Amino acid sequence: MADLSTTLEALNPAQRAAVLHATGPLLVLAGAGSGKTRVVTLRMARLIRDGVEPGHILALTFTNKAAAEMRARCLALVDGGETGGTPVVSTFHAFGARFLRAHAARLGRTEAFTLFDDDDQVALLKRAFVSLGLGERASEARGVREVIDASKNAGRTPSPTELPPEVLAAGGARIAEVYETLLARANAFDFGDLILRPAELLDADPALAARVRSRYPWVLVDEFQDTNAAQMAWLRALAPPETCPNLCVVGDDDQSIYGWRGADVDNILGFARHWPGATIVRLEQNYRSTGHILDAANAVVAHNRARLGKSLFTVDGPGEALEVRDFPSPREEARWIATRISALCRDDGLAPSDVAVLLRTNALSLDLEEALRASRIPAVMLRGRSFYERAEVRDALAWLRLVVNPDDDVAFRRAVGAPPRGVGETTLDRLAAAASSAGCSLSALSAGRGLPAVKGPAAEGLRDFLSRLEAARLELSAGATPERVALHLLEPLHQRLRGEATRRAGGEDARARLENVERLVAALHAFRRERPGATLGDWLESVRLISDADDLETAGGAVSILTVHAAKGLEFPVCFVVGLEEGSFPHRRGEGTDGDVEEERRLFYVAMTRARRRLVLTFCRERRTFAEVRRAPPSRFLAELPSACLAPHVEPVRSEPPRARFGRTLPRPDDALFRDETYDDHGGGVEPGFRPGASVWHGELGQGRIVALGRGANAATATVEFPSVGRRAIVLRFLSLYEDSGGHWED
DNA sequence: CACACCCTACTTTTT
DNA sequence: GTAGGGTGTG
């Protein structure tokens with residue numbers, strides 16, 4: 001703590017203002033790379049130094065990673081601190097879960113409630129459709145899930161009018177209502193409930209809200225631009241505007257990229273309106289990127305209208321200019337990037353782990369992974385949550401969930417078939433019908449009045465299933481460790497997977513499945529080593545609330561390939577942003593409204609500001625979406641880049657014909673060409689110079705001569721005679737005119 | 001209950 | 001174009 005004041009002196013004026021701000025609402029507009037975490041943790045440490053009880057500070061984040069970092073850095077600052085107690089640093093969802101455990105009874109749950117993820121929700125919705133007599137309606141269930149989620153994000157219970165028309169047409173108007181009933185019967189909450197239900201409780205019970213307020217007079221919110229309406233309702237209860245609360249929110253309106261998930265950028269745009277008298281501090285000095293990168297990012301995001309306005313600067317130099325490259329196809333793009341990364345590693349002393357390739361969508365990774373593999377460049381696609389989504393892992397988790405919460409019918413249905421034990425759809429339907437009319441869960445039915453109408457092998461299997469679970473519960477209450485109980489409980493599943501793994505037919509997949517289940521138990525063990533005394537329920541909750549992305553960053557030694565969403569908050573010395581075409585980035589889905597395009601632009605801004613020293617932007621003249629190949633105009637965002645930041649355009653490296661002259665000039669983003677008909681698809685228009693007899697160059701097939709011209713289904717084509725492969729029909733835009741030195745190539 | 005085949009659907013995804 | 005799910009059959 002002694003060096004806190006020295007640290008404060010090292011801050012820039014804006015940072016210091018944020019750290020020293022005394023009381024009342026504060027909005028810290030923290031630009032990318034502006035030292036936000038430093039400011040936030042120093043502010044907490046400063047409050048503690050100035051006498052605020054550490055336990056009176058509540059800091060809310062969106063990811064466990066952010067929470068852990070904030071906690072660790074704050075503790076390091078106040079280390080040796082006189083008073084005991086630490087600030088409460090938690091994710092919104094973990095805090096909500098804790099709150100609901102304390103008040104479960106008021107919502108018809110017990111403290112053993114299960115947390116349902118998206119897949120559980122869909123599974124439960126299928127049951128809800130069945131209980132309405134409509135069959136499972138698997139495809140509709142997903143749409144309904146989205147409606148339920150969206151309305152909970154918006155801070156309310158879903159109304160029938162919002163349901164997809166096909167659901168209403170099928171007579172499913174009550175689906176959301178039934179879903180809630182079944183959710184309560186399963187003693188479960190979904191993710192949306194973790195925010196919505198506490199907000200409702202706080203609204204309905206002013207005394208409760210007052211208690212929470214006095215417990216946490218200092219509230220801090222990270223990534224405020226990503227809050228939704230339900231979270232805003234929380235904050236209004238925790239820090240009512242009329243009380244001039246000590247609410248400090250930190251965020252960047254230009255990095256609001258979760259609108260499609262319910263985040264409302266208006267929360268941050270209107271903060272000073274919602275909390276009158278708020279102080280606003282802008283952190284605009286950037287400590288991450290070079291000048292050209294920042295200038296370019298500023299210029300792009302300046303095209304947005306819905307923003308508070310902010311301009312990043314650095315005291316360092318301009319650095320390398322941005323490179324913009326275009327390619328005939330994604331494969332060329334990917335190969336060039338592989339070549340470029342090799343060169344950077346060879347000539348500039350970079351390690352592959354210094355490089356990231358950023359994508360708008362996961363689907364764009366295929367060509368890249370392949371090209372990098374072919375070039376023997378270590379690379380990993382960083383995608384979240386994959387481990388806990390595997391079937392065998394979900395099977396194992398279902399068993400464990402059921403131990404903690406017997407009423408979890410979604411887990412019941414899953415676990416009872418893993419491995420199969422003769423309890424099939426028919427048996428389950430029969431049980432479910434009885435349970436439904438008794439208004440109880442499957443387990444409660446089985447335990448309560450025996451197993452009605454189940455005979456033969458099914459009855460045998462069911463008895464075995466239930467007794468295994470009961471044995472596990474007894475072991476636990478007798479003091480056995482959760483990991484030991486898990487080993488016993490998962491033995492049948494484990495044995496089954498072992499059998500598959502040793503059989504020849506099973507192969508590698510089966511072995512991986514086996515290892516995944518073992519990894520899961522190991523994870524439980526590790527969790528309990530870190531937190532002695534933690535219960536099985538604690539671990540299950542953490543598994544639900546911790547995403548793979550939290551400990552994903554470890555790309556150790558490899559090039560990272562990741563979506564821009566996944567890259568938020570990360571930084572790399574070198575970034576490639578690929579697929580910058582209209583339809584891909586901005587994504588086609590965002591074409592509808594201005595707001596959507598602005599969010600796409602913010603996404604591009606996030607992508608650009610990940611780069612520290614070098615930024616390369618690439619696009620293709622055409623892009624394959626599903627089965628069809630579409631001609632793709634360059635992204636409008638490229639045209640927003642100031643040419644002063646751009647390296648002189650260089651022709652693509654690959655596929656250049658010897659002594660080539662291209663039929664079309666490759667556009668520079670700020671060229672007039674960029675916006676004109678160059679990329680319009682006329683369908684059959686024959687482009688000048690392409691005529692029978694002309695010498696042409698094809699990127700892969702090499703030199704050839706046009707025999708005839710025609711039009712294909714979507715584009716003009718040419719029949720070309722290649723010395724290597726004979727006659728081929730080639731779409732015209734794949735060809736470049738090839739000027740040979742007078743003679744005929746046949747010679 | 002396992003396997004095969006067919007049909008459909010398909011952005012992003014902090015928790 | 002492909003993967004995953006749902007249906008139908010052995």
Side-chain angles (χ1 to χ4, degrees), chain A residues 60-67 90-97 115-119 121-122 126 135-139 141-143 145-146 149 152-153 189-196 222-223 225-228 230-231 251 255-263 358-366 382-386 388-389 391 417-427 457-458 461 500 505 541-550 552 562-570 579 583-591 596 599-600 602-604 606-607 624-629:
Chain A
L60 294 167
T61 67
F62 279 89
T63 64
N64 292 287
K65 201 169 91 188
S90 170
T91 65
F92 273 98
H93 289 83
F95 192 76
L115 217 45
F116 273 13
D117 71 4
D118 300 9
D119 289 340
Q121 284 182 281
V122 171
K126 288 184 191 165
E136 285 199 345
R137 305 260 155 185
S139 44
R142 298 177 70 186
R145 195 206 71 80
E146 276 170 26
D149 242 33
K152 287 185 176 180
N153 284 337
F189 287 113
D190 60 30
F191 273 116
D193 286 330
L194 293 185
I195 310 298
L196 175 65
D222 190 27
E223 304 282 8
Q225 77 281 352
D226 292 333
T227 52
N228 62 30
Q231 283 152 341
Q255 293 188 69
S256 169
I257 58 174
Y258 285 102
W260 52 273
R261 266 202 118 222
L358 306 181
L359 324 160
R360 176 63 183 83
T361 64
N362 279 312
L364 260 42
S365 71
L366 293 176
L382 290 110
R383 27 165 52 115
R385 298 209 127 242
S386 49
Y388 291 104
E389 274 164 9
R421 45 166 29 81
V423 182
E425 206 49 40
T426 326
T427 311
E500 278 173 19
E541 177 170 303
S542 88
V543 162
R544 275 300 149 91
L545 293 179
I546 288 177
S547 72
D548 266 12
D550 281 323
L552 200 60
L562 66 176
T563 64
V564 183
H565 283 94
K568 193 183 167 205
L570 306 180
S584 289
F585 203 166
H587 197 274
R588 193 169 299 109
R589 173 73 184 269
E591 268 171 12
D596 290 342
E599 180 151 321
E600 293 288 320
R602 291 192 292 266
L603 201 48
F604 184 48
V606 167
R624 212 171 43 244
T625 30
F626 310 129
E628 61 173 346
V629 175

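Everything quoted here is computed from the prediction, not taken from an experiment. So you know, we letter chains A, B, ... as the sequences are listed, proteins then strands, and number each from 1.
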- Item | 5' priority, DNA chain B, between A:Asp118 and A:Ile257 [closest heavy atom] | A:Ile257
- Task: Kindly say if A:Asn228 contacts the phosphate of B:dT14, meaning a side-chain N or O under 4.0 Å from OP1 or OP2.
- Result: no
- In whole Å, what is the span from the CG atom of A:Leu359 to the P atom of B:dT11? 15 Å
- Message: When the P atoms of B:dT14 and C:dA3 are compared, how many Å lie between them, rounded to an integer?
- Response: 22 Å
- Query: Is a donor-acceptor contact shorter than 3.5 angstrom present between the side chain of A:Arg360 and the base of B:dT11?
  - Reply: no
- Kindly state whether the pair A:His587 / B:dT11 counts as stacked, where counting means centroids closer than 5.5 Å and planes tilted less than 30° apart. yes
- Message: Just to verify, what does A:Asp193 make a side chain to side chain donor-acceptor pair (under 3.5 Å) with, not counting sequence neighbours?
- Response: A:Lys152, A:Arg197
- Which nucleotide in B:dT14, B:dC1, B:dT13 has an atom nearest any side-chain atom of A:Thr63: B:dT14
- Give one of base, sugar-phosphate or nothing for A:Lys126, where a contact means two heavy atoms less than 4.0 Å apart. sugar-phosphate
- Task: Could you check how far NZ of A:Lys152 sits from P of B:dT13, rounded to whole Å?
- Result: 23 Å
- Task: To the nearest 0.5 Å, tell me how far A:Leu545 CG sits from A:Asn64 CG.
- Result: 7.0 Å
- Task: Would you please indicate if the ring centroids of A:His587 and A:Trp260 are separated by under 6.0 Å?
- Result: no
- What integer distance in Å separates A:Leu562:CG from B:dT14:C1'? 14 Å
- Out of B:dT14, B:dT12, B:dC1, minimum distance to the side chain of A:Asp226 belongs to B:dT14
- Query: Which value, in whole Å, describes the distance between the P atoms of nucleotides C:dG5 and B:dT12?
  - Reply: 16 Å
- Item | Euclidean distance, atom CZ of residue A:Phe191 to atom P of B:dT14 [Å, nearest integer] | 10 Å
- Message: Quick test of the criterion, 5.5 Å between centres and less than 30° between planes. Is A:Tyr258 stacked on B:dT13 or not?
- Response: no
- Let me know the distance between CD of A:Glu146 and P of B:dC10, rounded to the nearest Å. 9 Å
- Would you call A:Arg602 and A:Glu599 a salt bridge, taking side-chain N to carboxylate O under 4.0 Å as the test? yes
- Partners passing side chain to side chain donor-acceptor pair (under 3.5 Å) against A:Ser90 (at least two apart in sequence or in another chain): none
- For B:dT11, does OP1 or OP2 lie under 4.0 Å from any side-chain N or O of A:Thr563? no
- Query: From the list B:dC10, B:dT13, B:dA2, which nucleotide is the closest neighbour of the side chain of A:Arg142?
  - Reply: B:dC10
